[in-house]
Asks: 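Please find one structure pasted underneath; my questions will follow.
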Amino acid sequence: MEAVKLEIRCPQMVNGIGLEPDPDWSFKSLLLELDSLEKKLNLSSSVSLPFAKTKSREIYGEKGTKRSSNAFVMSVSDEDFEDSEGENEKVRDRGLVKAARFNCNEFYFSSDDDSDDQPCLDVQTLMNEVGLVESALYELTHEHQLGVKEEIRNTISALETDLMNESEKSSSAHTKVEKYREARREVERKFDVQYQRRVAEGLDNHLTAVQRDHELKSQIEERKIRSDAAHEEAKRREKALQEERLRQEKAKAEAELQAKLKAEEANRAALEAERIAAKEAAEKEAAKSSKANTSEVPQTEASGGPNATSSRVENDKTNKSELAGNMLRAAESALKLERERLQKLKELEEINQSLRSSSNQNFDRTGRLIGRLIRQISGNKDKVSTQASELVKIFNNPHCPQTISIAYFAQKVVSNCESPSHSAFACAHVIVLVTSQFPQAMDLVLAEIHRACIYTVPKHISYTKSAFESKEAYWKVIGYKEDDGKIESTTDYLVRLESYMKLYGALVQTEVAGCQNVHGLKEGWAWLARFLNALPANMYTAVALYAFLQMAGFALFRKYRSQFMKMLNFISENFLNALRSQDDPDLRPITSKIQCYLEDKLFLQEPEGRTLHSSLLSNNMAPESDYHGPYHQQSRHFY
C-alpha cells in the first residue's frame, strides 16, 4: 500500500514555535524537536506543566544498548487510518508505534491575538501522541528487563550445573587419591617387611662371621701363646748369655779404665814434678835479679800494688759473668732441667758407644727400622696403636740393646719434625704410648728436642759483638744449620723452629687413657710461665710462642680457664706491645697472627688433627676412643 504523506495547512509559527513538520523527519529528529518544544513551553509558562521533562528521551534495545533512531520510520497510509484502533495492540507486540493521522483542516490556526487557546489544544494533542511513544518505550524496557532476568537465571543455572559437575569430579579425584595412598601404604609396608628381613639376615650372617673370626683368633692366640713360651725360653737363655757377655765386657772396660786412670795419674805426677822444678828455677832466677825488682816496687805501689791487681781480676770476672747473664735469657729451673736431660743423653751415648765398640754386631738396621716406623705415623688411631706396639717390640728385642733402641727412637722422632708429612699430634701420641712403658725415654726425647731447638727449654741467646766473632757464629749457636759451609736462611730456620715447637706443644697436651704422660699439661703451663717471665720479644720467640699456642692453647684453656686467660692478657698487653715497639716490618706478620689468635679466641677451637680419626666405617658409630681421656679439674695454682 502506498504511503501517504501528511499535509498540514496551518500557520508556520505559533508563539515562536514552528508548527509545520518536516515530512521526512526521522524518529531521532522528532524526539529532539519534542524536547525543544518542552523547553520552550516551560520557559513561556509561569506554571510548571505536569508533563514537563528534565531528561531527553532515549531508546534502548533488548540488551541494554542504545538503539539508533534512524531505524524507526513513521509512515501513514489510508488503510492504517481506518483500522488504527485495531492494530495498536499488534504494533505494540512488534515493538513499533503507529502514528495517528491528524488533519490540520479540522483546526483553524489564526495569527490573531484572540485565538491563544487554539495552539494549546494542538500541543496537547501532540503530547498525547508522544505518550503513546513513551508507553511503547516502557514496554520495550520491561521486555528487556525480563530478558536480562531470564539470561541471569539461565547463567545461574549453568553455573550451578558446572559447580555440581566440579564437585563430583573433586569427589572422584579425592577417592582415587585415597585409593592410591592406601595402595602406597601397602607397598611400603611390604618393602619394610622385606627390608627388616634382609637386615635380620645380614645381622645373622655378620654374627656368624664374627663368631667364626673369634674362633679363628682363639686358635691363633693359642698357637701364639705356645710360640711365645718357646720364644721366651730362648730369649731368657739369650739374655743370660748376653748378660754374661756384657758383664765380661764391662769388667774388661773397667780394667781398661783403671789402666787409663793409672796412666793419667802418672802423667799428672810427672807434670807436677816438672812444675815444681820450674818453680824452683824461677825462684832462683828471682833471687839473682832482686836489685832490679827492688827499683820497680814504687811503681807497683803507685799503681795500687797487688790489691789493685786482684781487684782488677775480680772486676774482669764480674764483667764476664754479667755479660754471660745478659746474653743468656732463661729461668734457672729451666736451665737446670736442660742440663740434667742433656747429661742423661750424654751418658747414654757413652754407653752406646762402648757397646758398639765391644760388639761386632751392626745396629744400623734397627735404626732404619725405627725411622721407617716413625715416618709411617699418621693421624689414624689404629696406625698410631700399631706403630707404638711395633716400637715397644723393638725395645724388647734381645738382639739389640735397649739403650741403643731408645737412642734411635729419640733421634728419629725429633728429626722427623722436618718432614712435610709430619703429624705432630700423632707423633705425640706415639711418644706418650712408648714412654708410658719406658719412662726413661721421655727425658732423652726432650734432650733431643732441646738440642734441636733452644726455645723448647725455653731459653734465648742474645747477640753481642764481644761474645761472638761474627753473625754466622751466633746463628750456629742458636741452631742454624750449615751445609757445605753455607748457613741456612732465616726463613728455613724459622720453619724448623716452628715444627719443633709444634711437636713440643702437641706432646704436653696429649692425654691417653690408661697411660701416664710424664711431661703433660703441668709442664706445658710451666714452660709458658718461664717463657713469658724470662725471654724477650723478638722474631724467634714470637714464632715459638705462636706455634706453642696453636697446639696446646686449647687444652690449657680447658684445664686452667681463667688462669690461662690471665696469661693471654699478659701476652696481649706486654709481649705484643714489645713487638710493636720495635717497628720492624719483618715482625708485622707474626705479630698479626698472635693478635688474631687472641682476638678471634682461637683457643676455643680444637686444633686440626688433635682428634685421631678411624679408618673403619664401623668405628664411626662407636664411642670415642680411649685416646681422649677426661680433662683434669681446673688448677688453682700459679707457676
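Below, all heavy atoms of this structure are taken into account, side chains as well, without hydrogens, waters or symmetry copies. If you're wondering where the values come from, they're calculated on a predicted model, not measured in any experiment. Position 1 is the first residue of the sequence; numbering continues from there.
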Asks: Looking at R181 and E178, is there a salt bridge between them, counting it only when a charged N and a carboxylate O are closer than 4.0 Å?
Replies: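 A salt bridge links E178 with R181.
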Asks: Quick one: do F531 and F548 satisfy side chain to side chain contact (heavy atoms under 4.5 Å, CB included)? Show the steps, please.
Replies: CA-CA 11 Å; F531 180 94; F548 180 81; over 6 Å; no
Asks: Are there over 12 heavy-atom neighbours, none belonging to E150, within less than 6.0 Å of that residue's CD?
Replies: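 Counting neighbours around CD of E150, more than 12 heavy atoms of other residues, nucleotides or ligands fall under 6.0 Å, so yes.
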Asks: Is it the case that the side chain of S385 and the backbone of D382 share a donor-acceptor pair, with hydrogens and angles ignored and the cut-off at 3.5 Å?
Replies: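 No, S385 side chain to D382 backbone: no donor-acceptor pair under 3.5 Å.
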Asks: Say you draw a straight line from CG of L140 to NE2 of H142; how long is it, rounded to the nearest 0.5 Å?
Replies: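 It is 11.5 Å, given to the nearest 0.5 Å.
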Asks: Pairs under 3.5 angstrom only: tabulate donor-acceptor contacts from the side chains of residues 196-218 to other protein residues two or more places apart or in another chain.
Replies:
residue	atom	partner	partner atom	Å
N205	ND2	E201	O	3.2
T208	OG1	D204	O	2.8
S218	OG	H214	O	2.8

Asks: Which atoms form the tightest heavy-atom contact between A552 and G505, and what is the distance?
Replies: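 Of all heavy-atom pairs spanning A552 and G505, the closest is CB-O, 3.6 Å.
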Asks: Which atom names give the shortest non-hydrogen contact between C417 and S499, and what distance separates them?
Replies: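 Nearest pair, atom of C417 first, then S499: O-CB, 3.5 Å.
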Asks: Tell me if a side-chain donor or acceptor on S36 pairs with a main-chain N or O of L32 at a distance below 3.5 Å.
Replies: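 No, the answer is negative, given that no donor and acceptor are paired below the 3.5 Å cut-off.
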Asks: Could you check if a side-chain atom of I431 sits within less than 4.5 angstrom of a side-chain atom of V413, using non-hydrogen atoms only?
Replies: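 Yes, their side chains come closer than 4.5 Å.
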Asks: Would you say K176 and S172 make side-chain contact, with heavy atoms under 4.5 Å?
Replies: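 Sidechains of S172 and K176: in contact.
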Asks: Quick one, V187 with F191, criterion side chain to side chain contact (heavy atoms under 4.5 Å, CB included). Give me CA distance, side-chain angles, the key distance, then yes/no.
Replies: CA-CA 6 Å; V187 172; F191 283 161; 3.5 Å; yes
Asks: Considering only heavy atoms from C-beta outward, does the side chain of M565 approach that of F557 to under 4.5 Å?
Replies: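 In contact.
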Asks: Would you check, one step at a time, whether the test side chain to side chain contact (heavy atoms under 4.5 Å, CB included) holds for Q387 with L433?
Replies: CA-CA 10 Å; Q387 302 302 88; L433 289 172; over 6 Å; no
Asks: Compare all side-chain heavy atoms of F425 with those of Q509 and state whether any distance is below 4.5 angstrom.
Replies: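 Of all side-chain heavy-atom pairs linking Q509 with F425, at least one is under 4.5 Å.
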Asks: Where the side chain of T175 meets the backbone of S171, is there a donor-acceptor pair that is under 3.5 Å apart?
Replies: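 Checking the backbone N and O of S171 against the side chain of T175, a donor-acceptor pair under 3.5 Å is found.
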Asks: Under a 4.5 Å cut-off applied to non-hydrogen side-chain atoms, are I571 and L532 in contact?
Replies: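 Yes, their side chains come closer than 4.5 Å.
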Asks: Quick one: NZ on K149 to CD1 on I156, what's the gap to the nearest 0.5 Å?
Replies: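 That separation rounds to 12.0 Å.
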Asks: Using 4.0 Å as the upper bound for N to carboxylate O, is an ion pair formed by E186 and R189?
Replies: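 Here R189 pairs with E186 in a salt bridge, since their nearest N and O are under 4.0 Å apart.
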Asks: First locate atom CG of L507, then atom SG of C427, and finally report the distance between them rounded to the nearest 0.5 Å.
Replies: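 Spacing of CG (L507) from SG (C427) equals 10.5 Å.
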Asks: Could you tell me whether the side chain of K502 reaches within less than 4.5 Å of the side chain of Q550, counting heavy atoms only?
Replies: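 Q550 vs K502: side chains touch.
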Asks: Is there side-chain contact between L598 and L576, with at least one heavy-atom pair below 4.5 Å?
Replies: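 Yes, their side chains come closer than 4.5 Å.
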Asks: Which donor-acceptor pairs under 3.5 Å do the side chains of residues 579-597 make with protein atoms, sequence neighbours left out?
Replies:
residue	atom	partner	partner atom	Å
R580	NH1	N577	OD1	2.9
R580	NH2	Q595	OE1	3.4
S581	OG	N577	O	3.4
S581	OG	A578	O	2.7
Q582	NE2	A537	O	2.5
D584	OD1	D586	N	3.1
T591	OG1	L587	O	2.6
Q595	NE2	E599	OE2	2.8
Y597	OH	L549	O	2.9

Asks: Any chance you could lay out the side chain to side chain contact (heavy atoms under 4.5 Å, CB included) test for R496 and D492, step after step, and finish with the verdict?
Replies: CA-CA 6 Å; R496 291 194 303 108; D492 295 339; 5.8 Å; no
Asks: Atom CG of L503 and atom CE of M501: how far apart are they, to the nearest 0.5 Å?
Replies: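 Going from the CG atom of L503 to the CE atom of M501 covers 10.0 Å.
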Asks: Calculate, to the nearest 0.5 Å, the distance between atoms CZ and CD belonging to R372 and E390 respectively.
Replies: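 If I round to the nearest 0.5 Å, the distance is 10.0 Å.
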Asks: Might you confirm whether atom CZ of R184 has over 12 heavy atoms from other residues, nucleotides or ligands at distances under 6.0 Å?
Replies: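 Result for CZ/R184: open.
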Asks: Looking at every non-hydrogen atom in both residues, tell me the closest pair between V384 and S378 and how far apart they are.
Replies: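 Scanning both residues completely, I find the closest heavy atoms to be CG2-O, 3.5 Å.
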Asks: To the closest 0.5 Å, what do you measure between CE (M567) and OG (S572)?
Replies: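 Those atoms lie 14.5 Å apart.
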Asks: Can you say whether the rings of F603 and F564 are parallel (under 30°), tilted (30 to 60°) or perpendicular (over 60°)?
Replies: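 F603 and F564: perpendicular rings.
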Asks: Can you give me the closest heavy-atom contact between M551 and P607, atom names plus distance?
Replies: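 Reported closest heavy-atom pair: O-CG, 4.0 Å.
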Asks: So, does N517 use its side chain to make a donor-acceptor pair with the main chain of V432 at under 3.5 Å?
Replies: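 Not confirmed, N517 side chain does not pair with V432 backbone.
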Asks: Evaluate the criterion salt bridge (Lys or Arg N to Asp or Glu O under 4.0 Å) for residue pair E182 and R185; output intermediate values, then yes/no.
Replies: CA-CA 5 Å; E182 192 64 28; R185 288 175 182 171; 3.7 Å; yes
Asks: Would you name the heavy atoms of Y504 and E523 that are closest together and state the gap between them?
Replies: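 For Y504 versus E523, the nearest heavy atoms are OH-O, 4.3 Å.
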Asks: Taking the side chain as every heavy atom from C-beta outward, state whether Q563 and K566 have any atom pair closer than 4.5 Å.
Replies: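 Yes, side chains in contact.
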Asks: Between H429 (side chain only) and T510 (backbone N and O only), is there a donor and an acceptor less than 3.5 Å apart?
Replies: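 Between the backbone of T510 and the side chain of H429 there is no qualifying donor-acceptor contact (under 3.5 Å).
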